[in-house]
Amino acid sequence: MLGGTVAFPFARAFAQTLSTGSAELTVVSDGMMTLPLGLIFPDAPQEELVKLLEEYGQPTDAMRPDCNVTLVRTGDRLAIFDVGAGPNFMTSTGKLLDSLEAAGVAPGDVTDVVITHAHPDHIWGLTDDFDELVFADADYHIGAREWEFWSSPDAIAQMPEDRQTFVVGAQNRFAALDGRVNLIGNGDEVLPGIEAVETLGHTPGHLSFMVHGPEPVLIVGDAIGNDTVAFVHPEWPTASDQDPALGAKTRAALLDRLAGDKARAIGFHFRHPGAGIVERRGGAFVYVAA
């Protein structure tokens with residue numbers, strides 16, 4: 001069921017609420033990013049890419065993905081799935097705390113922080129300017145494979161030079177979680193009725209999360225990076241995936257599953273507020289906003 005809207009003091013001006021069973025999900029914004037097309041789709045046929053973006057009414061000079069953060073309230077727990085970029089990534093991101101305030105949620109209300117993966121726009125918001133945890137009273141959950149990769153002393157060597165700051169940023173945030181993080185894996189129930197789903201490729205341990213109920217909802221993270229190109233051409237590799245071939249395989253399988261199961265999906269970088277369903281049309285998939 002769709003809820004109402006909340007006015008925000010920045011672009012991407014509303015939240016969306018939906019439910020399944022006893023779980024209530026609310027999507028709020030951390031802002032948006034601007035990324036060169038060549039950074040995301042360097043190997044795609046550029047004329048076809050531009051034409052596709054034009055058909056969807058999307059800008060063709062750059063990708064401008066929204067950043068959607070999902071809250072799930074179930075019983076006495078309020079979980080937040082990813083925490084945005086914080087104040088030190090891009091000037092157009094780091095809006096999460098404003099969004100939460102507008103939605104009537106204080107950081108102290110959050111009981112659980114669940115991380116899909118450790119990229120800056122998903123975890124740098126864990127700490128504030130003083131390196132203190134923003135959600136100080138919460139329990140923290142992240143994939144064991146994801147934690148092991150980013151924590152490794154070899155992680156920097158496995159990243160291209162322009163992404164080595166990702167490793168430094170992740171390790172700094174992980175240090176703040178030392179001794180209080182719950183490491184999870186595929187099929188684990190992170191909270192009652194919420195199952196971790198392994199969706200590898202974007203990062204070595206990327207997890208999505210299925211919120212079970214009469215109308216299930218999959219919190220996709222970045223396993224499907226947008227609601228246009230990735231749906232029409234899931235096979236196109238993207239440079240944002242650490243393993244582009246595995247990322248494309250995961251993306252295609254996930255779209256097929258979502259279309260077959262008729263499950264709703266919330267994509268971190270879908271057009272805000274980011275919740276919708278996947279349908280098959282012809283030889284491609286189509287995103288239908290809720």
Tell me if the centroids of the rings in F231 and Y56 come within less than 6.0 Å of each other. no
So D256 and R280, salt bridge (Lys or Arg N to Asp or Glu O under 4.0 Å) or not? Walk me through it. CA-CA 8 Å; D256 184 68; R280 290 188 183 91; 2.4 Å; yes
State, yes or no, whether a side-chain contact exists between P216 and V211 at a heavy-atom distance under 4.5 Å. no
Hey, is E279 close enough to K262 for a salt bridge, meaning N to O under 4.0 Å? no
Is it the case that the side chain of T111 and the backbone of L78 share a donor-acceptor pair, with hydrogens and angles ignored and the cut-off at 3.5 Å? yes
Looking only at heavy atoms, what is the nearest atom pair of A118 and A170, with distance? O-CB, 4.0 Å
Shared ILVMFWY cluster between I123 and V28, side chains joined below 4.5 angstrom? yes
Please check if any side-chain donor atom of H141 sits under 3.5 Å from a side-chain acceptor atom of D188, or the reverse. no
Quick one: does T250's side chain have a donor or acceptor within less than 3.5 Å of a partner on G201's backbone? no
Going by heavy atoms in the side chains, are V134 and L97 under 4.5 Å from each other? yes
Apply side chain to side chain contact (heavy atoms under 4.5 Å, CB included) to the pair N88 and D129, showing each step before the final yes or no. CA-CA 8 Å; N88 299 312; D129 285 333; 3.7 Å; yes
Under 3.5 Å, is there a donor-acceptor pair between the T199 and S208 side chains? yes
Distance-only side-chain donor-acceptor flag, Q171 / S151, under 3.5 Å: no
What verdict does the salt bridge (Lys or Arg N to Asp or Glu O under 4.0 Å) test give for D66 and R271, after you've listed the backbone C-alpha separation in whole Å, the side-chain angles of each residue and the deciding distance to 0.1 Å? CA-CA 6 Å; D66 288 304; R271 284 165 289 181; over 6 Å; no
Honestly curious: do L133 and L183 fall in one hydrophobic cluster under the side-chain, below-4.5 Å linking rule? yes
Shortest non-hydrogen contact between F41 and P237, atoms and distance: CD2-O, 4.0 Å
Using the side chain to side chain contact (heavy atoms under 4.5 Å, CB included) rule, pick out the option among T17, T74, I266, L71 that qualifies with L25. I266
NE2 (H272) and OG (S99) are apart, to the nearest 0.5 Å, by 7.0 Å
Within-4.5 Å side-chain heavy-atom neighbours: L200 and R145: yes
Donor-acceptor check, side chain of Q242 to backbone of Q158, threshold 3.5 angstrom: yes or no? no
Note, T70 side chain near I80 side chain (heavy atom, < 4.5 Å): no
Under 4.5 Å between side-chain heavy atoms, hopping through other hydrophobics if needed: is there a path connecting I115 to I224? no
Tell me yes or no: between the side chains of N226 and H269, is some donor less than 3.5 Å from an acceptor? no
Do E189 side-chain atoms and G193 backbone N/O form a donor-acceptor pair below 3.5 Å? yes
So which atom in G38 and which in P42 form the shortest heavy-atom distance, rounded to 0.1 Å? O-CB, 3.2 Å
Given the rule that I, L, V, M, F, W and Y join up when any side-chain heavy atoms are under 4.5 Å apart, are L254 and F270 in one cluster? yes
In this structure, CG of D261 is separated from CD1 of I277 (nearest 0.5 Å) by 12.5 Å
Nearest-0.5 Å distance, CZ of residue R251 to CG of residue D222: 10.5 Å
Backbone N/O of A106 and side chain of D109: donor-acceptor pair under 3.5 Å: yes
Is the distance from the ring center of W147 to that of F174 below 6.0 Å? yes
Please indicate whether E161 has more than 12 foreign heavy atoms, meaning atoms of other residues, nucleotides or ligands, lying under 6.0 Å from its CD. no
Take V72 and I219 through the test side chain to side chain contact (heavy atoms under 4.5 Å, CB included) and record every step on the way to the result. CA-CA 10 Å; V72 180; I219 300 169; 4.0 Å; yes
Would the distance check show the side chain of D30 and the main-chain N or O of A85 forming a donor-acceptor pair, the cut-off being under 3.5 Å? yes
Ignoring hydrogens and angles, state whether a donor on the side chain of T116 or D82 is under 3.5 Å from an acceptor on the partner side chain. yes
Between R64 and D61, does any side-chain N to carboxylate O distance fall below 4.0 Å? yes
Rounded to the nearest 0.5 angstrom, the CG-CG distance for D241 and L246 is 8.5 Å
Give me the atom names and distance for the closest heavy-atom approach of E198 to L207. CA-CD2, 3.7 Å
Do you know the tightest heavy-atom contact between A44 and W236? CB-CE3, 3.6 Å
Describe, in one word, how the ring planes of H206 and H202 are oriented to each other, choosing from parallel (under 30°), tilted (30 to 60°) and perpendicular (over 60°). perpendicular
Would you mind checking if D131 and R173 are paired as a salt bridge, meaning a charged N to carboxylate O distance below 4.0 Å? no
Please tell me if the side chains of L100 and D98 come closer than 4.5 Å, counting only heavy atoms from C-beta onward. no
Minimum-distance pair of heavy atoms, taken over all atoms of A248 and E235: CB-O, 3.9 Å
Enter the distance from D137:CG to D112:CG here, rounded to the nearest 0.5 Å. 11.5 Å
Less than 4.5 Å apart, any side-chain heavy atom of H122 and any of V69? no
Crowding at CD, Q46 (>12 non-hydrogen neighbours, <6.0 Å): yes
Under 4.0 Å between a side-chain nitrogen and a carboxylate oxygen: does that hold for R77 and D139? yes
Would a 4.5 Å heavy-atom cut-off, applied to side chains only, mark T60 and E54 as touching? yes
Derivation of the side chain to side chain contact (heavy atoms under 4.5 Å, CB included) call for V167 and W150: CA-CA 6 Å; V167 179; W150 295 97; 3.8 Å; yes
Check step by step if side chain to side chain contact (heavy atoms under 4.5 Å, CB included) holds for F268 and F81. CA-CA 10 Å; F268 191 86; F81 288 77; over 6 Å; no
To the nearest 0.5 Å, what is the distance between CE (M63) and CE (M32)? 10.5 Å
Using the rule that two of Ile, Leu, Val, Met, Phe, Trp, Tyr join whenever any of their side-chain heavy atoms come within less than 4.5 Å, decide whether I40 and F89 are in one cluster. yes
Any side-chain heavy atom of I142 sitting closer than 4.5 Å to one from V114? no
